[in-house]
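To start, the structure under review is shown below, and the notes come after it.
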Amino acid sequence: MTMRTHGGKRRAGGFSLLLACTISALFLASGTASAAEPTLEISASADPVESIPMQLGAISSGELNAFVSWSVHPAGATGCGPGPREDVGAIATIEASEEISYGEESATATWTPKVAGSYILCGWRLSTIGVVQAHASLPFTVRPPRLFISLRVPSMVQAGRRFHITTTAQAEAPRKLYEYILPKRGGVCPDTASTAASRAHVVDPDLGAGATGNIWSVNGGPYTKRVSQSLGRPGAWLICAYYQYGSTSSPPEAAAGVAFRVKRASRPVR
């Protein structure tokens, strides 16, 4: 009996140890599940357009409060760094204005692309003391704005007589439209507004003496503008219009031209 009782105690002790180990393992597993790794997903506007503000987004989760930071890189250049401090080659750095609280939350910010092209968006979830908790990257493409120009002028006008030039313009993003009237040389409009300006005559008399052309801002539309003009020299002429973004010496984003002729004034019958 004594031996059986002693053996029974040994078996009971072994069972107790096994039970304790099992409970500890369950607690550890539960603790691991609750301390999930922080996550971050970033997004950009579906159809970003040059010079129009676009929205950046982030959905992030984690156990502690955090901030979100983004940066933008040209595609094919340096990639995203492991953190904002090591992120070399970015053309823009943007930070969310609000802190992300415990759990899953979203953050937004805006950025205005200045040049159309391909880019990479980098994002980081940062602790309140700047430690990187999660990171992500996203390629996106910015397109030029949609632009429209239509020019109308009589095909033949008389020297010294006033005629009308009608321009219809539309621009998806704010743009300057440069419009000039110039002698027809080589049959086509010059490549840039800068070159056209050097050969131009006044299109809009309201601009005053010494003006080289009609320059107006277009945002939205379509808008129609009608100006009056007269030319004293017979021959072939052009109306040339350019949407220039940045320098007037750079290639235009859109251009249009129309040709017309100026005939000699008819002499009065005696």
Inter-residue atom distance [X].[atom1] - [Y].[atom2], 0.5 Å rounding:
X: I239; Y: F260; atom1: CD1; atom2: CZ; result: 4.5 Å
X: T78; Y: H73; atom1: OG1; atom2: NE2; result: 5.0 Å
X: E41; Y: S60; atom1: CD; atom2: OG; result: 9.5 Å
X: T166; Y: R152; atom1: OG1; atom2: CZ; result: 4.5 Å
X: N214; Y: Q229; atom1: CG; atom2: CD; result: 10.0 Å
X: S45; Y: Q55; atom1: OG; atom2: CD; result: 6.0 Å

- Item | Main-chain N/O of P183 paired with R199 side-chain donor or acceptor, under 3.5 Å |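 Yes, R199 side chain to P183 backbone: donor-acceptor pair under 3.5 Å.
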- Query: Do any N or O atoms from the side chain of Y242 and from the backbone of T248 form a donor-acceptor pair under 3.5 angstrom?
  - Reply: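 No: the side chain of Y242 does not pair with the backbone of T248.
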- Just wondering, are more than 12 heavy atoms of other shown residues or ligands nearer than 6.0 Å to CG in D47?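 It does: D47 CG has more than 12 such atoms within range.
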Indicate, with yes or no, if [Y] and [X] share a hydrophobic cluster defined by side-chain heavy-atom contacts under 4.5 Å among Ile, Leu, Val, Met, Phe, Trp and Tyr.
X: Y245; Y: Y178; answer: no
X: V258; Y: L147; answer: yes
X: L151; Y: V157; answer: yes
X: I165; Y: L177; answer: yes
X: V188; Y: W237; answer: no

Does any part of the side chain of [Y], heavy atoms only, come nearer than 4.5 Å to the side chain of [X], both counted from C-beta?
X: L126; Y: P84; value: yes
X: S228; Y: H164; value: yes
X: R233; Y: V262; value: no
X: I52; Y: P145; value: no

Restricting to non-hydrogen atoms, name the atom on [X] and the atom on [Y] that form the minimum distance, rounded to 0.1 Å.
X: G89; Y: P74; value: O-CD, 4.1 Å
X: L182; Y: C240; value: CD2-SG, 3.6 Å
X: H135; Y: W124; value: CB-CD1, 3.5 Å
X: R261; Y: A236; value: NH1-CB, 3.6 Å
X: Q158; Y: R264; value: CG-O, 4.1 Å
X: P113; Y: V49; value: CG-O, 3.6 Å

- Check against side-chain hydrogen bond (donor to acceptor under 3.5 Å, both in side chains), T168 and T224: CA-CA 4 Å; T168 301; T224 298; 3.2 Å; yes
- side-chain contact (heavy atoms from CB on, under 4.5 Å) between K225 and E179, intermediate numbers included: CA-CA 11 Å; K225 189 171 185 178; E179 190 171 346; over 6 Å; no
- Between Q244 and S194, does a side-chain contact (heavy atoms from CB on, under 4.5 Å) hold up when you go through it step by step? CA-CA 10 Å; Q244 296 279 174; S194 177; over 6 Å; no
- With ILVMFWY side chains joined below 4.5 Å, transitively, what does I100's cluster contain besides itself? L40, I42, M54, L56, V68, W70, V72, I91, I94, W111, V115, Y119, L121, L138, F140, V142
- Task: I would like to know whether I120 and C80 meet side-chain contact (heavy atoms from CB on, under 4.5 Å); could you show each step before the answer?
- Result: CA-CA 8 Å; I120 297 174; C80 302; 3.9 Å; yes
- Message: Please tell me whether T192 and T195 have a donor and an acceptor in their side chains that are separated by less than 3.5 angstrom.
- Response: yes
